[in-house]
Amino acid sequence: MRQVLYYLAAVISLSALNVAADTPSLNEAVEAARKAPKNQALNRVAADLLKDAGRYAESITYYMKSGNSGNLGAAEASYYMYDFEGARDYLDKYLAKRSKAEAERDNKFVGTASGEMTDWTDFLSTRISLGRSMLDRVENIEIIDSINVPADGFFEFVRLAGSAGSLVGMEEIEKIVSREDMAALGVNDIMQPGFVTERGDEMIWVGSDSAGNSVMIESYRLADGSWDKSVKLFDYSGIFGNNVGSWVDYPFLLNDGVTLYFASDGDESLGQLDIFMTRRDENEFLQPSNIGMPYNSPFNDYLYAVDEETGAGWWVTDRNRVPDSVTIYTFIPKEIRENYPVDTPDLASRARVSSIADTWQEGKDYDRLRRSIASVGERRTVRSAEEFDFQLPDGRVLHRISDFHAPMARTAMKNYLKEKAHADSLRSRLAAMRADYARGDHKQASEILRLEKSIEQLSVTLRSLANEVITLEM
C-alpha cells in the first residue's frame with residue numbers, strides 16, 4: 001500500500017532524538033528508565049518506544065522526565081490520543097523554552113509537496129487545531145462490525161453488491177488502461193484499487209508520476225465494447241487549489257454518478273491520508289470537504305464506500321496500528337448526518353472508535369444487515385444482463401428471475417429491470433457527454449441538463465417499481 005512519504009514525520013517526529021542502531025527493546029528501555037528516573041536520555045528512549053508502540057498515555061510519564069523536548073513528545077502522544085487540549089498545552093510549554101538547537105532540528109521537516117522545509121511544530125500545531133475542530137463534529141453512526149485484514153489487497157474484503165459497483169485490482173485495470181494512455185497522462189504507475197461502475201462502462205483509477213504525485217483518471221467504455229482514451233479528472237493541486245499535498249487515491253463513486261469519495265493528504269487532512277467527498281457539476285469536480293470523524297484520524301484513512309442495496313457502509317483505516325494490516329469497519333450510513341452533542345462524556349472515545357459495541361442502539365437487531373452483507377456474491381467486473389442483486393427486507397439478496405417464488409413478482413421484476421436498463425443507458429450516455437464537456441466540447445450543455453433531469457425522474461420510478469416487487473414477493 002502506497003504511503004505518502006512526506007507525511008512520515010506525522011508518525012515518527014523529527015524532533016525525536018537520534019537512537020543508535022542497537023536500540024534496546026521496549027521492555028529493556030522502560031526498565032532502564034525506571035532504574036534511572038533522573039536520566040533524561042534513558043527516559044526519552046523509553047518514551048519514544050512506548051509512543052511508537054501505541055502506548056501513548058504511558059509514554060507521557062517518561063516524556064515528563066526527559067527535559068523540555070519531552071513536552072514536544074507529550075504533545076505528539078496527546079495528539080494521537082485525541083486529547084487536543086492537552087496536546088496544545090504541552091506544545092506551548094515546549095515552544096516557551098525551545099532552544100536554538102531544538103528550533104533548528106524542528107525546521108528539518110519536509111511539510112509540503114514542493115519539498116520545502118518547514119517547522120514540525122507549526123505542522124503539529126495546525127493538526128492539533130484541526131483535530132480540536134473536528135472533535136466538535138463527530139458523526140453518530142452505528143458500526144456493526146470490524147475486521148483486520150492484510151493492507152495489500154484490502155479492497156478484496158469489501159463486499160459490495162453489484163449495484164454499488166466494484167473495487168478492482170491491478171490486473172483488471174491493466175486490461176482497460178493502455179501504455180499509450182499512461183504516457184499521454186504523464187503517469188508511470190497504476191495504483192490499486194480502481195472503481196468500476198455497476199454496468200462496467202466507467203472506471204475511475206489513480207496513476208502516479210516519477211515525482212511522487214498522483215492523479216485521478218476516468219475511462220469510459222464505448223458502445224462497441226472498446227475503451228475510449230482516458231481523461232484526467234484532477235490531481236491534488238487542481239482540486240484543492242494549493243500544492244501543500246501531493247496524493248489523491250482510493251476512489252468510490254456513488255450510484256448518482258456525481259458524488260465521489262477519495263483519500264488525500266495535505267493541509268486539510270488530520271493525519272496522513274484523510275477521506276474527502278466531492279461532487280461533480282457539469283464540467284468538473286467541486287472543492288472537496290473532509291468527512292470528519294469518526295472516519296478520519298491522525299493516521300491513514302483510505303477508503304469510504306456505501307452500498308445502497310444492502311444498506312451497509314465501509315471505511316478502511318490503519319489507525320489501530322496493526323503491522324502490515326488495516327481495519328475495515330462496516331457501518332450503517334444515514335441520509336442526514338447526525339453528530340454527537342459536543343458535551344458527550346466519551347466523545348474522544350467515540351471518535352477513536354474505541355469500542356464498536358458502544359455505537360449500537362440498545363435492543364436493535366443487526367443480524368438482518370449482516371445476513372445481507374454475507375449473501376453478497378463475489379464481485380463481477382462485468383455483469384450478465386440476466387444477473388442482478390435485489391435485496392428483500394428479510395435480508396435475502398436475489399440474483400436471478402428464477403430466484404423469485406411469486407409469479408407476479410417475477411413479472412414485476414422484469415419491468416423493473418427494463419426500466420433500470422434504460423436508466424443505466426442514460427447514465428452511460430451522460431457520462432460520455434460529461435467527458436466530452438471536460439475536453440472542451442460545450443455544445444451539449446443543454447442536453448446534459450435534460451439527461452440529468454430524466455435520470456432523476458427515472459430514479460423515482462425505479463423506487464416505486466422496486467417497492468412493488470417487494471410487496472408481491474413478500
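None of the values given here were measured: they were computed from a predicted structure.
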A.B. asks: To the nearest 0.5 Å, tell me how far N188 CG sits from R179 CZ.
C.D. replies: 9.0 Å
A.B. asks: If we check side-chain contact (heavy atoms from CB on, under 4.5 Å) with Y340, which of these qualifies: D343, V342, T344?
C.D. replies: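 Filter result, single survivor: T344.
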A.B. asks: Does the plane of the ring in Y250 sit parallel, tilted or perpendicular to the ring in F154? Use 30° and 60° as the thresholds.
C.D. replies: tilted
A.B. asks: Looking only at side-chain N and O atoms, does E58 offer a donor or acceptor that is under 3.5 Å from a partner on Y56?
C.D. replies: no
A.B. asks: Quick one: list whatever passes side-chain hydrogen bond (donor to acceptor under 3.5 Å, both in side chains) with E142, sequence neighbours left out.
C.D. replies: Q361, K364, Y366
A.B. asks: So, does S125 use its side chain to make a donor-acceptor pair with the main chain of T121 at under 3.5 Å?
C.D. replies: no
A.B. asks: Evaluate the side-chain proximity of L270 to M134: yes if any heavy-atom separation is below 4.5 Å, no if none is.
C.D. replies: yes
A.B. asks: To the nearest 0.5 Å, what is the distance between CG (D267) and OG1 (T126)?
C.D. replies: 8.0 Å
A.B. asks: Given Y302, which partner from the list D318, D249, D274 fulfils the side-chain hydrogen bond (donor to acceptor under 3.5 Å, both in side chains) test?
C.D. replies: D318
A.B. asks: Under 3.5 Å, is there a donor-acceptor pair linking the side chains of W247 and S264?
C.D. replies: no
A.B. asks: Determine whether the side chains of Y295 and N290 contain a donor N or O and an acceptor N or O closer than 3.5 Å.
C.D. replies: no
A.B. asks: Will you find, in the side chains of Y62 and R34, an N or O donor that is under 3.5 Å from an N or O acceptor?
C.D. replies: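 There is such a pair between these side chains.
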A.B. asks: Heavy-atom distance under 4.5 Å between the side chains of V215 and D209, does that happen here?
C.D. replies: no
A.B. asks: To the nearest 0.5 angstrom, please state how far the OG atom of S355 sits from the CG atom of D346.
C.D. replies: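 Here the rounded value is 10.0 Å.
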A.B. asks: State which residues pass ring pair (Phe, Tyr, Trp, His ring centres under 6.0 Å) with F240; sequence neighbours excluded, sorted by chain then number.
C.D. replies: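 Per chain and number, F240 pairs via ring pair (Phe, Tyr, Trp, His ring centres under 6.0 Å) with Y236, F276.
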A.B. asks: Regarding S349 and S354, do their side chains bring together a donor and an acceptor under 3.5 Å, going by distance alone?
C.D. replies: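 A donor-acceptor contact under 3.5 Å links the two side chains.
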A.B. asks: Is there a side-chain contact between S297 and R352 in this structure, where contact means two heavy atoms from C-beta onward sitting under 4.5 Å apart?
C.D. replies: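 Of all side-chain heavy-atom pairs linking R352 with S297, none is under 4.5 Å.
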A.B. asks: Do T310 and R159 get their side chains close enough for a donor-acceptor pair, meaning under 3.5 Å?
C.D. replies: no
A.B. asks: Under a 3.5 Å cutoff, is there a donor and acceptor pairing between the side chains of R105 and N107?
C.D. replies: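 Judged by distance alone, the side chains do not pair up.
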A.B. asks: Would you indicate whether the side-chain heavy atoms of R55 and L26 approach each other to under 4.5 Å?
C.D. replies: yes
A.B. asks: What is the distance from atom CE of M216 to atom CG of L260, rounded to the nearest 0.5 Å?
C.D. replies: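 Interatomic distance, M216 CE to L260 CG, rounded to 0.5 Å: 5.5 Å.
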A.B. asks: What's the verdict on salt bridge (Lys or Arg N to Asp or Glu O under 4.0 Å) for D235 and K232, showing C-alpha distance, side-chain angles and the deciding distance?
C.D. replies: CA-CA 8 Å; D235 57 12; K232 174 182 173 180; 3.4 Å; yes
A.B. asks: Do N243 and S237 pair up side chain to side chain, a donor and an acceptor below 3.5 Å, judged on atom types alone?
C.D. replies: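 Side-chain D/A pair, N243 to S237: absent.
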A.B. asks: Which residues satisfy the side-chain hydrogen bond (donor to acceptor under 3.5 Å, both in side chains) test with Q287, sequence neighbours excluded?
C.D. replies: none
A.B. asks: Decide side chain to side chain contact (heavy atoms under 4.5 Å, CB included) for N320 and V326; before the verdict, give the C-alpha distance in whole Å, the side-chain angles of both, and the deciding distance to 0.1 Å.
C.D. replies: CA-CA 8 Å; N320 293 317; V326 296; over 6 Å; no
A.B. asks: Under 6.0 Å between the ring centres of F195 and F262?
C.D. replies: no
A.B. asks: Between F285 and F234, is the ring centroid distance below 6.0 Å?
C.D. replies: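 Between F285 and F234, the centre distance is under 6.0 Å.
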A.B. asks: Verify salt bridge (Lys or Arg N to Asp or Glu O under 4.0 Å) between D106 and R98, making sure each step is shown before the conclusion.
C.D. replies: CA-CA 10 Å; D106 294 339; R98 183 167 67 165; 3.0 Å; yes
A.B. asks: Evaluate D301 against L273 for side chain to side chain contact (heavy atoms under 4.5 Å, CB included), listing each step before the verdict.
C.D. replies: CA-CA 5 Å; D301 301 285; L273 290 176; 5.8 Å; no
A.B. asks: Apply side-chain hydrogen bond (donor to acceptor under 3.5 Å, both in side chains) to T359 and R350, showing your working.
C.D. replies: CA-CA 8 Å; T359 71; R350 302 272 181 168; over 6 Å; no
A.B. asks: Of W360, Y304, W314, which is the lone residue that meets ring-ring contact (aromatic ring centres under 6.0 Å, His included) with F331?
C.D. replies: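 With F331 as partner, ring-ring contact (aromatic ring centres under 6.0 Å, His included) holds for just one option, Y304.
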A.B. asks: Using 4.0 Å as the upper bound for N to carboxylate O, is an ion pair formed by K51 and E76?
C.D. replies: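 Yes, this pair counts.
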A.B. asks: For T197 and D201, does a side-chain donor sit closer than 3.5 Å to a side-chain acceptor?
C.D. replies: yes
A.B. asks: Apply side-chain hydrogen bond (donor to acceptor under 3.5 Å, both in side chains) to residues W205 and E174 and explain how you reach the verdict.
C.D. replies: CA-CA 11 Å; W205 56 283; E174 289 178 339; over 6 Å; no
A.B. asks: Taking A74's backbone N and O only, do any of them form a donor-acceptor pair with S78's side chain (distance below 3.5 Å, no angle check)?
C.D. replies: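 The answer is yes, because a donor-acceptor pair under 3.5 Å joins these two groups.
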A.B. asks: Before you tell me yes or no, could you show the steps for R88 and E85 under salt bridge (Lys or Arg N to Asp or Glu O under 4.0 Å), namely the whole-Å CA-CA distance, both residues' side-chain angles and the distance that decides it to 0.1 Å?
C.D. replies: CA-CA 5 Å; R88 175 65 64 192; E85 297 294 341; over 6 Å; no
A.B. asks: Please check if any side-chain donor atom of R319 sits under 3.5 Å from a side-chain acceptor atom of T317, or the reverse.
C.D. replies: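 The criterion, which ignores hydrogens and geometry beyond distance, is satisfied for T317 and R319.
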A.B. asks: First locate atom CG of L124, then atom CG of L72, and finally report the distance between them rounded to the nearest 0.5 Å.
C.D. replies: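 CG of L72 is found 6.5 Å from CG of L124.
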A.B. asks: Decide whether a cation-pi geometry holds between R127 and F123; the criteria are a distance under 6.0 Å from NZ or CZ to the six-membered ring centre and an angle within 45° of the ring axis.
C.D. replies: yes
A.B. asks: Determine whether the side chains of S325 and N148 contain a donor N or O and an acceptor N or O closer than 3.5 Å.
C.D. replies: no
A.B. asks: Give me the one residue out of R44, E102, K97, Q40 that meets side-chain hydrogen bond (donor to acceptor under 3.5 Å, both in side chains) with S69.
C.D. replies: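 Single side-chain hydrogen bond (donor to acceptor under 3.5 Å, both in side chains) partner of S69 among R44, E102, K97, Q40: R44.
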A.B. asks: Hey, could you give me the OG/CG distance between S230 and D181, rounded to the nearest 0.5 Å?
C.D. replies: 3.5 Å
